[in-house]
**Q** 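Below are the structure tokens for one structure; questions will follow.
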Amino acid sequence: MTANGRVYGHIEGYSVGTIFPSKEALGKAGVHVQRQAGIHGDPNDNGGAFSICLSEGYEDNVDNGNKIIYVGSGGQDDDGNQIADQSFEHPPNKSLLISSQTKRPVRVVRGKNGNNPYAPKSGYRYDGLYVVDDIDMRQGKKGFKMCTFVLRRIEEEGVGPVPTRRTLDTKKLLKISRAKK
């Protein structure tokens with residue numbers, strides 16, 4: 001069965017922390033149905049974003065676990081290079097803009113990303129509900145105007161912190177202590 005994912009909030013049967021081996025499995029579950037795009041939403045006035053997938057798509061994304069600065073969609077060529085400004089009128093960005101006004105929860109999924117300590121080592125992980133706290137048009141690293149969205153994780157009873165790969169084992173502690181000498 002394939003779910004359409006057009007739900008604000010959790011998808012029944014999938015708890016926070018669920019790992020999916022592929023975008024196909026993620027889509028079939030309805031947690032994030034877009035196979036390529038990072039934003040799934042409804043740009044109509046009474047709509048909003050259902051989910052976002054944070055992976056290696058935009059270099060301007062900043063992931064701090066409970067707070068994400070997420071760059072919108074658009075302005076890239078077929079190779080993923082930023083070649084133009086983004087717009088809040090672009091339908092995926094408009095859906096996140098609407099979510100900033102309605103404060104409806106947005107599901108956040110993290111995909112594999114070697115540069116992000118909050119990303120899973122492989123596959124895709126459902127990391128819970130966030131609210132869009134703020135929006136802005138900022139100049140990106142490549143000099144183009146980028147739609148940016150500040151998302152904050154919603155605290156939920158029984159839901160632990162966002163997992164991280166930042167762990168200090170004996171080997172890392174020894175390396176740190178040697179570096180200070």
**Q** Is there a side-chain contact between Q34 and C53, using heavy atoms and a 4.5 Å cut-off?
**A** no
**Q** If we ignore hydrogens and angles and just use 3.5 Å, is the side chain of Q86 paired with the main-chain N or O of G72 as donor and acceptor?
**A** yes
**Q** Under the side-chain contact (heavy atoms from CB on, under 4.5 Å) test against L151, which residue among I52, I69, D63, L129 passes?
**A** I52
**Q** When rounded to the nearest 0.5 angstrom, what is the spacing between NZ in K145 and OG in S87?
**A** 10.5 Å
**Q** Using the rule that two of Ile, Leu, Val, Met, Phe, Trp, Tyr join whenever any of their side-chain heavy atoms come within less than 4.5 Å, decide whether M137 and I68 are in one cluster.
**A** yes
**Q** Is there a donor-acceptor contact under 3.5 Å from the side chain of T164 to the main chain of Y118?
**A** no
**Q** Please list all pairs passing the ring-ring contact (aromatic ring centres under 6.0 Å, His included) test where one or both residues lie in residues 73-114, with sequence neighbours left out.
**A** F88-F149
**Q** For residues 37-45, which side-chain donor-acceptor pairs fall under 3.5 Å, sequence neighbours excluded?
**A**
| from | atom 1 | to | atom 2 | distance (Å) |
| --- | --- | --- | --- | --- |
| D42 | OD1 | N44 | N | 2.9 |
| D42 | OD1 | N44 | ND2 | 2.8 |
| D42 | OD2 | R6 | NH2 | 3.2 |

**Q** Once salt bridge (charged side-chain N to carboxylate O under 4.0 Å, His left out) is applied, do any residues pair with D60, and if so which ones, sequence neighbours excluded?
**A** none
**Q** I'd like to check the ring pair (Phe, Tyr, Trp, His ring centres under 6.0 Å) partners of Y130; sequence neighbours left out, ordered by chain and number.
**A** none
**Q** Just so I know, are the side chains of V31 and V109 near enough to count as touching, which here means a heavy-atom distance under 4.5 Å?
**A** yes
**Q** If I take atom CD1 from residue I98 and atom CD1 from residue I135, how far apart are they, to the nearest 0.5 angstrom?
**A** 10.5 Å
**Q** For H32, check ring pair (Phe, Tyr, Trp, His ring centres under 6.0 Å) against everything at least two apart and list the hits.
**A** none
**Q** Could you give the distance from CG (N113) to CG (L54), rounded to the nearest 0.5 Å?
**A** 7.5 Å
**Q** Does one hydrophobic cluster hold both V7 and L26, with members joined at side-chain heavy-atom distances below 4.5 Å?
**A** yes
**Q** Give, for atom CD1 of I11 and atom OG1 of T18, the distance between the pair rounded to the nearest 0.5 Å.
**A** 11.5 Å
**Q** Which atoms form the tightest heavy-atom contact between P21 and A25, and what is the distance?
**A** CD-CB, 3.9 Å
**Q** Listed by chain and number, what are the ring pair (Phe, Tyr, Trp, His ring centres under 6.0 Å) partners of Y124, not counting sequence neighbours?
**A** none
**Q** Indicate yes or no: at least one non-hydrogen side-chain atom of R110 is less than 4.5 angstrom from one of S55.
**A** no
**Q** With sequence neighbours excluded, what pairs up with D78 under the salt bridge (charged side-chain N to carboxylate O under 4.0 Å, His left out) test?
**A** none
**Q** Let me check something: do V62 and V150 share a hydrophobic cluster, defined by ILVMFWY side-chain heavy atoms less than 4.5 Å apart, either directly or through other members?
**A** yes
**Q** Tell me which one of D133, N66, D134 satisfies side-chain hydrogen bond (donor to acceptor under 3.5 Å, both in side chains) with R152.
**A** D133
**Q** Heavy atoms, side chains only, cut-off 4.5 Å: are L97 and E89 in contact?
**A** no
**Q** Can you name the nearest heavy-atom pair linking A119 to G111, along with the distance?
**A** CB-O, 3.3 Å
**Q** Rounded to the nearest 0.5 Å, how far apart are NZ of K112 and NZ of K121?
**A** 11.5 Å
**Q** What heavy-atom pair brings V33 and G30 nearest, and what distance separates the two atoms?
**A** CG1-CA, 3.8 Å
**Q** Does the plane of the ring in Y126 sit parallel, tilted or perpendicular to the ring in H10? Use 30° and 60° as the thresholds.
**A** perpendicular
**Q** Could you see if V162 belongs to whatever hydrophobic cluster contains V16? Use Ile, Leu, Val, Met, Phe, Trp, Tyr and a side-chain cutoff under 4.5 Å.
**A** no
**Q** Applying salt bridge (charged side-chain N to carboxylate O under 4.0 Å, His left out), can you list everything that pairs with K142, at least two apart in sequence or on another chain?
**A** E59
**Q** Is there a side-chain contact between V108 and S51, using heavy atoms and a 4.5 Å cut-off?
**A** no
**Q** For I19, which fellow cluster members are found when Ile, Leu, Val, Met, Phe, Trp and Tyr are connected by side-chain heavy-atom distances below 4.5 angstrom, either directly or through intermediates?
**A** none
**Q** For R107, which residues count as a salt bridge (charged side-chain N to carboxylate O under 4.0 Å, His left out) partner, sequence neighbours excluded?
**A** none
**Q** Are the side chains of Q82 and K141 in touch, meaning some heavy atoms are under 4.5 Å apart?
**A** no
**Q** Which residues satisfy the ring pair (Phe, Tyr, Trp, His ring centres under 6.0 Å) test with F144, sequence neighbours excluded?
**A** none
**Q** Is there any side chain to side chain donor-acceptor pair (under 3.5 Å) pair reaching into residues 92-103, and which pairs are they, with sequence neighbours excluded?
**A** none
**Q** Any non-hydrogen side-chain atom of V159 less than 4.5 Å from a side-chain atom of R153?
**A** yes
**Q** Restricting to non-hydrogen atoms, name the atom on D127 and the atom on P163 that form the minimum distance, rounded to 0.1 Å.
**A** OD1-CD, 4.1 Å
**Q** Does any part of the side chain of R104, heavy atoms only, come nearer than 4.5 Å to the side chain of V131, both counted from C-beta?
**A** no
